[in-house]
Amino acid sequence: MSETLEHIASAARTDAPPAILLDKVNKWYGALHVLRDVSLNVALGERVVVCGPSGSGKSTMIRCINRLETHQEGQIKVNGIELSDDLKALDDIRREVGMVFQSFNLFPHLTILENCTLAPIWVRRMPKKEAEEVAMEYLTRVRIPEQAKKYPGQLSGGQQQRVAIARALCMKPKIMLFDEPTSALDPEMIKEVLDTMVSLAETGMTMICVTHEMGFARQVADRVVFMDRGEIVEIGEPNHLFENPQTERLKTFLSQILRGH
Amino acid sequence: MSDITLNAAPKVAEAAPRTAPISQIGFVGWMRANLFSGWLSTAVTLALGYFIIRWAIGFVDWAFVNAVWSVPNNQTQACRDLRGVGACWAVITEKHRFILFGTYPFEEHWRPALCVALFVGLYVVSAMRRFWRKELALIWAVTLAAIGVLMWGGVLGMPYVPQERWGGLVITLILATFGLAFAFPLAILVALGRRSKLPAIKAICVIYVELIRGVPLISLLFMASVMFPLFLPEGMNIDKLLRAQIAIILFAGAYLAEVVRGGLQSLSRGQYEAADALGLSYWQKTGFIILPQALRLVIPPLVNTFIGFFKDTSLVLIIGIFDLLTAGKTAIIEPAWQGFGIEVYLTVGAIYFIFCFAMSKYSQGLEAELNRHRAR
Ligand SMILES: Nc1ncnc2c1ncn2[C@@H]1O[C@H](COP(=O)(O)OP(=O)(O)OP(=O)(O)O)[C@@H](O)[C@H]1O
Ligand SMILES: [Mg+2]
């Protein structure tokens, strides 16, 4: 079992350098063991969807990748840079890794445009004018350029999430992390956000996406990771994984998901 | 979808919009709803109205109609004859220079007067969002320096005036302005420090806040004026006003820090995480994301504390500093003017009120403007 896992984990695109490497990562919250020997290799340009029951450690895993959480054991490398207490390395990594949250986390006191230009101006030291041009370009790409002067509170949830995606893209990241980007949205808004993510996937962006949208996983994911109780239980191509679940845990999870939809 | 249309009522011609009945809108409607909504409410309204009007007429009679506005060379007999019937504003006419400027040399009064004008100008400029740029800090530094030069003198042909002779309104403004100008940044640093991950910084901030909050301002002022000099080396002396000023800054700083911390706590963790994920540094995150939101949320309690400290500066009277209130008290010590406290305290109160009310009104406007983004 574990042999096949390892095999699949490293099988995809061995020619490209790994964008993200997790090697036997362990993390505890107090006594709670939330990540257990998590190993994952994501190649440049690869799209990985992470699913699993609530509390299985999906968020914790991707939050470790840009060090919103720290891991206690094992190794995480992003673009070849190892995550450690070295602040310089952390800055370099956060510049390259964009993140989209379940609750959008836009800055409510700044306009949409300011939300998108703040980090490029101050972190990337981009001239203001250029940053605004870049921001308008991405806002156009997520199809809300006309909202640039509004405040986040004036937008719908779906629009806010698309702004959050644009905001992350304005930093020109090489890797994008999504933590359940559509779970806080009304059903009619889910599609507009998923469409945005599909078109982003088409540009060849490296993506790790925690989501339960199986249709999305089938459409764009190169691999699907199934987590349960802090472990990666199965990894595989979406169709293969969904049609032939190897473990009881995944079978149970899939039946629950399908019932829920 | 289709069954909804089936069940929908047949469309009728839209009724033309009408204005609401006159009895329910405008002044008449408001009166009816709030003052005369029933016989009890009508009775209360009429009774209260009667007392208010009677009192107002009495006050106008006392303050204006029967008032004495000036008397020749301290002959206050005319005033005393009118005790309880008319106000003796002559005491203000006679003593206003003393109340405003204390024992500052009379022929140099233009200097503290100019300082008061500079302070007010500084407040007005700072209040305008147009001027909220880096240059504002420079404007403050220059103005405060100019005020120091004006008050002390000793240069540019202005005779030197020792601090012991300063007094009145200008002292109150100095204590309040310098106090809040230094206490506010201090408070922000302390509030941030209390949430620091570094245990040493956190401990220092907690101890500072708890210690200072645990003692009354009066005892801090006493310590500053009596005990502090004992610890200084022989011959070294720090100005009494400066010592009081430092005590006020430390005291206000602790209170404001708690207000600011309340604002920091009300921000969601997501705001910090989003800023972190974008790669903003600690100070960028704090300056652009956290503080702007936290401070907006606490404008009302912040201004409440500001107003409280503006008035608390009057406590310096117990260590013999001549602020506005002390000057007012002293003005009526002279035998000729004894007994005209009401007029003097009304005037002093009115001056305090003008400053505090302006602060309050301004903060309401600011709050509405800065929180516009929260409106849908
Ligand atoms: N800050 C924290 N302190 C303590 N425990 C935490 C913390 N954050 C998460 N946990 C716990 O860690 C475990 C994994 O949480 P995590 O958020 O990674 O799960 P998840 O797979 O993302 O779940 P969900 O689908 O509900 O988002 C859960 O049991 C959770 O209760
Ligand atoms: Mg989660």
Side-chain angles (χ1 to χ4, degrees), chain A residues 59 62-63 65-70 87-88 90-112 114-125 149-156 160 163-164 167-173 175-179 184, chain B residues 1 4 129 132-134 188 191-192 195-201 260 262-300 302 363 365-376:
Chain A
S59 301
I62 70 165
R63 290 157 59 88
I65 294 172
N66 66 353
R67 216 172 168 76
L68 287 181
E69 305 285 354
T70 52
L87 289 177
K88 175 77 179 60
L90 182 60
D91 280 349
D92 289 342
I93 286 167
R94 284 191 174 155
R95 257 172 238 214
E96 302 302 333
V97 180
M99 182 151 190
V100 176
F101 301 85
Q102 180 175 351
S103 48
F104 326 140
N105 292 348
L106 294 178
F107 306 128
H109 63 302
L110 300 178
T111 62
I112 301 306
E114 288 165 342
N115 263 279
C116 293
T117 56
L118 183 74
I121 291 173
W122 291 96
V123 180
R124 286 241 184 254
R125 302 277 161 202
K149 291 275 176 275
K150 289 194 184 166
Y151 287 96
Q154 297 165 311
L155 268 54
S156 76
Q160 289 192 44
V163 171
R167 176 177 73 176
L169 291 176
C170 284
M171 284 294 284
K172 310 235 164 160
I175 300 164
M176 284 287 285
L177 307 175
F178 294 84
D179 190 358
Chain B
M1 211 47 222
I4 296 174
R129 291 196 72 194
W132 287 11
R133 296 190 239 125
K134 289 200 192 76
I188 289 176
L192 292 172
R195 297 166 63 88
S196 167
K197 287 198 196 83
L198 305 172
I201 292 185
V260 174
L264 292 176
Q265 263 167 347
S266 56
L267 287 196
S268 77
R269 231 178 65 165
Q271 292 291 308
Y272 292 83
E273 288 175 351
D276 282 338
L278 284 168
L280 295 174
S281 72
Y282 175 80
W283 289 109
Q284 289 168 346
K285 174 175 68 175
T286 306
F288 295 129
I289 309 299
I290 306 305
L291 282 181
Q293 294 188 63
L295 294 181
R296 272 164 225 232
L297 287 172
V298 294
I299 290 175
L302 215 49
S363 85
L366 190 67
E367 204 191 332
E369 195 180 326
L370 287 184
N371 287 322
R372 245 184 342 195
H373 67 272
R374 284 204 265 165
R376 284 217 130 230

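Protein chains get the first letters and strands the later ones, always in sequence-line order, with residue 1 at the start of each.
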Over all atoms of both residues, closest heavy-atom pair of A:A119 and B:L280: CA-CD2, 4.2 Å
Salt bridge (Lys or Arg N to Asp or Glu O under 4.0 Å) involving A:K88 - partner list, sequence neighbours excluded: A:D92
Hey, are the side chains of [X] and [Y] touching, using non-hydrogen atoms and a 4.5 Å cut-off?
X      : Y      : result
A:V100 : A:N105 : no
A:R167 : A:C116 : yes
A:R94  : A:M99  : no

Is chain B contacted by the side chain of [X], its backbone, both, or neither, given a heavy-atom distance below 4.5 Å?
X      : result
A:E96  : neither
A:L106 : backbone
A:F101 : side chain

For chain A, which residues of residues 281-289 of chain B have heavy atoms nearer than 4.5 angstrom: B:Q284, B:F288, B:I289
Residue of the set A:V123, A:T117, A:L118 for which side chain to side chain contact (heavy atoms under 4.5 Å, CB included) holds with A:I121: A:T117
Under 3.5 Å donor-acceptor, A:R95 side chain and A:M171 backbone: no
